[in-house]
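The structure appears below as structure tokens.
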There are 2 protein chains.
Amino acid sequence: MARAAGVSQATVSLVLGEKWSGRVSERTAEAVRAAARELGYRPNLAARSLRLGRTRTALLVVPALTTEFFARVYTGAERVAAGHGFGVVLYPSPEGVGPARDPFDPARASLDGVIASSMAADALAAVRGGGLPLVMLDSDPDDAAAAATVNLDIADGARQAAAHLLALGHRRVAHLAAAVDSWTFRVRARALAEAVGEVPGATVCAEPAGLSVEEGRQAAERVLGRPGPRPTALVCDDDILAAGACKAARRLGLRVPDDISVTGFDDLALATAVDPELTTVRLPAEAVGAAGMRALLTLLDGETPQDTTLPVELIPRASTAPPPAN
Amino acid sequence: MARAAGVSQATVSLVLGEKWSGRVSERTAEAVRAAARELGYRPNLAARSLRLGRTRTALLVVPALTTEFFARVYTGAERVAAGHGFGVVLYPSPEGVGPARDPFDPARASLDGVIASSMAADALAAVRGGGLPLVMLDSDPDDAAAAATVNLDIADGARQAAAHLLALGHRRVAHLAAAVDSWTFRVRARALAEAVGEVPGATVCAEPAGLSVEEGRQAAERVLGRPGPRPTALVCDDDILAAGACKAARRLGLRVPDDISVTGFDDLALATAVDPELTTVRLPAEAVGAAGMRALLTLLDGETPQDTTLPVELIPRASTAPPPAN
DNA sequence: CTGAAAGCGCTTACAG
DNA sequence: CTGAAAGCGCTTACAG
């Protein structure tokens, strides 16, 4: 205890907590700071939490940390949290096999709030009822369980992709749809269908695919191998799927983008690692995390955060071109 | 407090802490459990930490969370931690611009130990001197600061890549070397040079590259565009660099693997997302995280963990082949 | 301007 | 077998 080196416990707390102005003399304050520096003193957070009844810790529930996208969401949330003396604890859904873990051990009891992605619905179910303030990410804004929602303008992104392809002259588009029952993917499907439906003679058909390169490749091979006129463009629900679609095209002897155009969603590093580089809808993952954390902080302040919808942007690259003359 | 619903505080603590056998009657124990269930009682972790002087929290220091590799390291560490009632807090090094954050705010004071990657050296410097138990990942085993080290057999991986290429008939290999001053990359360079040096007439030249697809591409273009006999194989320090190398080859009109072979390190999802799929040295990232956490737990038990070296495996895929006849 | 005291919710000897 | 009490290190009224 820094008390040994000067004054009383209360004074130390005041000075180090920046609440001393007009209550402690400048001389004393400086003495306290010097002693703290000397001793390398750090306040005990457990004691502070106990006293304050808050832990300044948030739980981020994500489907899996091994995907670049959610790693970035975390990064954004964490940065904002740090600026407010908050910490973010991750709760990645148990992926694959393995015993389901208790999300509250050891987190729950020392949590102030939860930020959750709609894709981590299962994990979230365990957290529900905790009565903790909840901010949902990329989710149905009408979900009553969430005190606030931070969304991406996903529908607009799907429309931008459709408009890009339509303007290029494509009329037969296939949608490689993520086989995940989540609000964000339903929105993509609906917006895409509507946008394409507005152009006479244009059609979309949807093909479900698990979220992996391999399953994307298989789904694309199904679509492209089907009898009847072949689609000239593949709109994929994310970049991973799009990478799989490109592999499928190549296997079938089709060139991207000359014979078939491909678009993705996310703009992961993968989008520019593959060749040709992917035309994709960039989702500002870090901004999502940051906005989620801000909303949670607002909630903890007893105020009502505004629902946010972040804009989204199509990045045209080398995987799209006019359809083959034929 | 569950006390209201039954007995004394001490009894509740004993029962819920599974320390009651022979000290509390079965009847009382059951009554306590029932009451806890009823009230949805959760012990306050801050109070427990304060009392026990331990927080059951570890800090994982990594260079950046946005890379799939470290996301997996975290996943492994987290899984082990959870099995022991421990939490893992991430401290990603400040990447790019932005104010350097204080790694101790709010983590430090409530940390029991640190697990750190050698690639996060800068961030670690801030943590040093904290006097916390430290487990280093993929680092120089002679580093005195670490109480334990968890390593990958990186040298063997480099040797496997070299042997694979040499067996295929390659004699001129170039090394796209990560431009990061870290033990793990120095080991790769040395092991590769030694392995190639053992074969008469075989040569390696190293070309530094920043760890991105774009910088990998540029470095590969420098190597391949140089006057004199062109290398027939490119050994890259990671998969990202290898993806860049493949793009460079294609830009120069060279086919992978017919004209030039490429290998990577890591075996990220990226390795099979690109076309052709990458021959690469698979590093068991999750196992590294898990072993790191186990070592830290051993340390916290007052025992001395053994240094670990995890085996590594070359995965031959489509980016390597015999050199062109010529 | 500064200090003594209470109390946050636990766990762990110590009595009984 | 069970309870009363101390104490972990803070912060915040409350005195002085």
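Quick caveat: nothing in here was measured; it's all calculated off a predicted structure. The chains referred to below are lettered A, B, ... by the order of the sequence lines, with proteins before strands, and numbering in each begins at 1.
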Does A:Asn151 reach the main-chain N or O of A:Leu137 with its side chain, forming a donor-acceptor pair under 3.5 Å?
no

Would a distance-only check, ignoring hydrogens and angles, find a side-chain to backbone donor-acceptor pair under 3.5 Å from A:Asp153 to A:Val312?
no

Please enumerate all residues that pass side-chain hydrogen bond (donor to acceptor under 3.5 Å, both in side chains) together with [X], with sequence neighbours excluded.
X        : result
B:Thr11  : B:Ser8
A:Thr298 : none
B:Ser25  : B:Thr28

List for me each residue that meets salt bridge (charged side-chain N to carboxylate O under 4.0 Å, His left out) alongside A:Arg282, sequence neighbours excluded, and say none if there are none.
A:Asp267

If you assign B:Ala47 and B:Ala29 each to the DNA chain D nucleotide with the nearest heavy atom, which residue ends up on the more 5' nucleotide?
B:Ala29

Given side chain to side chain contact (heavy atoms under 4.5 Å, CB included), test B:Leu310 with B:Val288 step by step and report yes or no.
CA-CA 8 Å; B:Leu310 299 167; B:Val288 171; 3.8 Å; yes

Looking at every heavy atom in both A:Phe185 and A:Leu211, which two are closest together, and how far apart are they?
CZ-CD1, 4.2 Å

Which protein N or O atoms sit under 3.5 Å from an N or O of nucleotides 12-16 of chain C?
{"from": "C:dT12", "atom 1": "OP2", "to": "B:Lys19", "atom 2": "NZ", "distance (Å)": "3.3"}

How does DNA chain D look in dot-bracket form if you count Watson-Crick and G-U pairs under 3.5 Å, write [ ] for pairs that cross, and put | where a base pairs with another strand?
|||.||||||||.|||

Closest listed nucleotide, where the reference is the side chain of A:Ser25 and the choices are C:dC10, C:dT2, D:dG9
C:dT2

